[in-house]
Each structure stands twice: as structure tokens, then as C-alpha cells.
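Here's the structure, in C-alpha cells; my notes come after.
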Amino acid sequence: MVIPAPNHRIWREIVEGKRPGEFTGLGTKLFISRLVNKVRQNPDETVIQSAIIDLHNYFVEKKQISSIINELENILR
Amino acid sequence: MKKLYDIEEISKLIESGEKLLLAGDRKLLTKLPKGNWVAGTIPYFVAVSGGMFNNKQIYADVLPDYIENIEIKVYDIESIKNIHKDAPEHGFSVIIIPSNSKMHSEFSLQSVNYEKFGYKPLIGWLSGIELNNSNNEKPAVISGNDCIIREEGAIVMHVVLPKDKYADVGIINIFEQGNGEILTFAEDGFSVKDVIINGKKQNFADYINSAKYDLKLPLVADYHGAMINTSYRAIDEKNKLIHFYAPVFKGIEYKQAKPIENYSEDFLRQLLELEKTSRIIFSFNCILNYLYGNLEGKKFGNVFFPCTFGEIAYQLLNQTLVYLKIEDL
């Protein structure tokens with residue numbers, strides 16, 4: 001699977017907390033929660049963009065873990 | 001499956017090159033030879049014969065033979081922020097921190113901000129002491145590299161796995177959010193004076209008393225679907241403060257947990273479910289679960305664990321069992 005580019009809508013939806021509970025891995029949940037909390041406390045566009053980059057990098061690094069990538073694929077359908 | 005060993009037995013395992021995660025009484029741990037092990041002080045366990053206090057034997061998790069390499073590191077307050085950067089690209093890390101130490105505070109409050117938080121599996125626990133401790137002993141950690149007792153800092157074993165396997169850290173939390181108010185706090189911290197409910201600030205101790213909270217039940221926050229507890233440590237009625245065993249964080253929405261009908265049965269049920277689908281390599285459970293759940297004498301299938309003063313699954317947790325499983329890629 002090709003990880004969507006950082007400007008794909010899915011990343012913004014996740015960091016803005018609009019896609020809760022989509023991932024089952026604990027590390028992924030805690031990582032996303034940290035970003036969602038940052039954005040919730042300060043929904044400035046620079047904070048959102050920084051969170052999107054962090055989130056995108058996380059999935060690029062995790063692309064070998066099929067369970068995580070499968071879940072991302074499911075969300076994108 | 002044997003989990004509790006005499007000193008001579010553990011020493012033989014160490015000398016044969018086994019990679020070990022150890023827990024036990026300080027006086028025993030300081031007698032061990034150098035080797036591939038990390039340890040923390042604690043005398044409460046659930047082993048083959050059930051939950052128990054034991055300060056005469058050492059609890060050991062023997063790591064699998066297929067592990068390719070380990071590196072044991074000692075971290076201080078300055079270097080702990082590098083823990084995830086130091087972790088192997090393919091593997092996991094086990095951390096042990098003395099409870100009530102400066103590292104305990106630092107890690108609890110800051111770990112979510114460390115670079116690469118959540119990227120690589122991190123599991124661990126806070127070392128402790130006998131609860132009726134009359135000799136003022138402090139919790140400690142020991143590295144098998146130098147066998148030095150440390151009451152500050154953190155010991156970490158970074159573990160490299162073969163490329164066809166990966167590690168996954170999970171939790172069993174029997175608590176769910178109740179139906180009460182959403183509680184938030186203005187600042188991160190282990191102690192709070194005020195809580196914010198429906199946008200209004202009020203004294204949390206007064207609110208707890210009026211709402212008649214059962215303080216054996218934790219606060220529970222929903223972290224993107226993961227239920228994460230913060231357990232009450234004490235109410236300071238004189239200063240109207242509430243103290244916790246883990247920090248609360250600004251912006252996180254908490255609720256008081258739903259009551260539990262049967263504490264130990266709920267744990268057992270979830271553990272047995274987990275065992276059906278996963279090979280748990282090791283796990284750690286909270287001392288509060290041991291006490292509140294009356295785990296002494298109770299057995300949990302084939303899952304065994306030290307009962308710790310806090311458990312770590314990426315960040316500090318309370319009243320939770322944390323486990324590591326290893327799956328084929």
C-alpha cells in the first residue's frame with residue numbers, strides 16, 4: 001500500500017479527532033491521542049500541520065507492520 | 001511454568017547466558033552475579049501457586065532464545081528523553097524505574113513528549129517495596145552490567161528481535177468510564193486542587209466528597225479508544241488537595257470509573273480471553289489490583305506477573321496489567 005501524501009484529508013481528520021477508535025494498536029492509539037490533544041488545546045493551522053507531518057511520518061515508519069497498514073487501508077476505503 | 005527461583009538457581013541461569021527480567025527483594029538481587037539481566041525491587045507476585053508476598057525468592061522472566069541481541073542502558077533525568085531513539089529499529093525495550101524517584105516524576109510527566117513516543121514498543125514497571133516497610137528501604141533498580149543498586153534513574157533493556165518477528169505491547173484494563181461528569185484539569189500534575197466541570201472550576205476534594213466517589217475506582221480517560229487509568233493516592237482534606245499515582249494531563253477528558261462487580265473475576269476473564277489468541281511473553285500488574293482485587297492466593301491461568309508500583313506501556317499507567325506478545329511478521 002502507498003501511504004497517502006501529507007495533504008490527504010485523512011490525516012487532518014485524524015489529528016482533529018474526527019476518526020476516533022479506528023486503530024487497535026496501543027502505541028498507535030497513544031501516539032494519535034497525543035496529537036489530538038495538542039490540536040484540541042491549540043487548533044492553530046501551524047499546530048495542525050505539524051501534527052499531520054508527525055502522523056504521516058509515523059505511518060511511513062510503520063509500513064512494515066501489516067496490521068497497522070491494513071487498518072489505515074480500511075479507513076481510506 | 002516456573003517463575004520464582006532461589007538465588008542459586010537464578011545465578012545458574014545468569015551464568016548460562018540467559019536474558020532475564022528479574023524482580024525481588026533488594027537483599028537477594030544484590031547477591032546476583034553480573035550478566036544479561038535487569039531487575040527491580042518488589043516482593044509481590046502472581047506465580048504458579050497464585051498471588052503472594054515473597055521476599056525469599058526472585059521472580060524471573062526468561063526471554064526467548066530467538067532474541068538476537070540486547071543492550072542494557074542506565075538513563076538519568078537528562079538522557080531518558082533519548083529512550084526511543086536508542087531503541088532498536090526492530091525489537092522492544094523494557095524499562096524499570098524506582099517509584100517515588102525523580103525519574104518517576106520526569107518519566108510520568110514527560111514521556112509523551114519524548115521524540116518517537118509510540119513508535120517502538122516500550123513496556124516496564126515501577127519498582128517498589130514491602131507495603132508495611134518499617135526499615136525505610138527505598139525502591140531500587142539494578143543493571144546486570146554492573147550490579148549497582150540505584151534509587152534514582154532508570155534501567156532499560158533494549159531487545160533486538162529477528163526480522164521475521166515483531167513485538168506488541170498491550171494492556172488489560174477492567175475499568176470503563178462511568179456515566180458521570182467529564183472532568184478536566186488546568187495543568188499536568190500528580191496533585192490537583194481544582195477540577196473543571198462544564199466549564200466551571202471547583203475544588204476537586206469537595207466534589208469527590210459530595211459525589212461520594214469510591215477512591216478505589218480510578219479516573220479513566222479515553223485515549224483514542226484505549227482506556228487509561230489514573231488512580232487516587234490520597235485526599236489531603238486539610239489542604240483540599242487530591243494526590244494521584246500517575247499525573248493527570250491538561251486537556252484530557254476524564255470520568256470516574258464505573259463500579260466493578262467482581263474485581264478478580266473480571267481480570268481472570270479478560271486474561272483467559274487474551275491467552276486464547278496471544279502468546280504473552282511477560283506481563284506486569286499493578287499492586288493496587290493485587291490489593292483491591294484481593295489477588296493473594298488467586299491464580300490467573302498461565303499468566304504470571306510481579307505486582308508493581310506502577311506499570312508502563314509507552315507511558316505510566318495505573319491499575320492496569322501490561323503485557324508483551326511477540327508475533328510472526
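If you're wondering where the values come from, they're calculated on a predicted model, not measured in any experiment. First the proteins, then the strands, lettered A, B, ... as listed; each starts at 1.
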Per-residue contact mode, A:Asp54 against chain B (heavy atom under 4.5 angstrom): backbone

B:Asp168 CG to A:Ile68 CD1 distance, which is reported to the nearest 0.5 Å: 7.5 Å

Which of B:Gln315, B:His224, B:His90, B:Glu327 touches chain A most, by non-hydrogen pairs under 4.5 Å: B:His224

Side chain, backbone, both or neither of [X] within contact of chain A (heavy atoms, under 4.5 Å):
X        : answer
B:Lys116 : side chain
B:Tyr166 : side chain
B:Ile228 : side chain

Close contacts, residues 37-51 of chain A versus chain B, judged by heavy atoms under 4.5 Å: A:Asn37, A:Arg40, A:Gln41

Toward chain B: residues of residues 28-36 of chain A with heavy atoms under 4.5 Å: A:Lys29, A:Leu30, A:Phe31, A:Ile32, A:Ser33, A:Arg34

Listed partners of B:Asp164 passing salt bridge (charged side-chain N to carboxylate O under 4.0 Å, His left out), at least two apart: none

Any donor-acceptor N/O pair, B:Tyr119 side chain to A:Glu61 backbone, under 3.5 Å: no

All pairs passing salt bridge (charged side-chain N to carboxylate O under 4.0 Å, His left out) where residues 169-184 of chain B contributes a residue, at least two apart: B:Glu176-B:Lys258

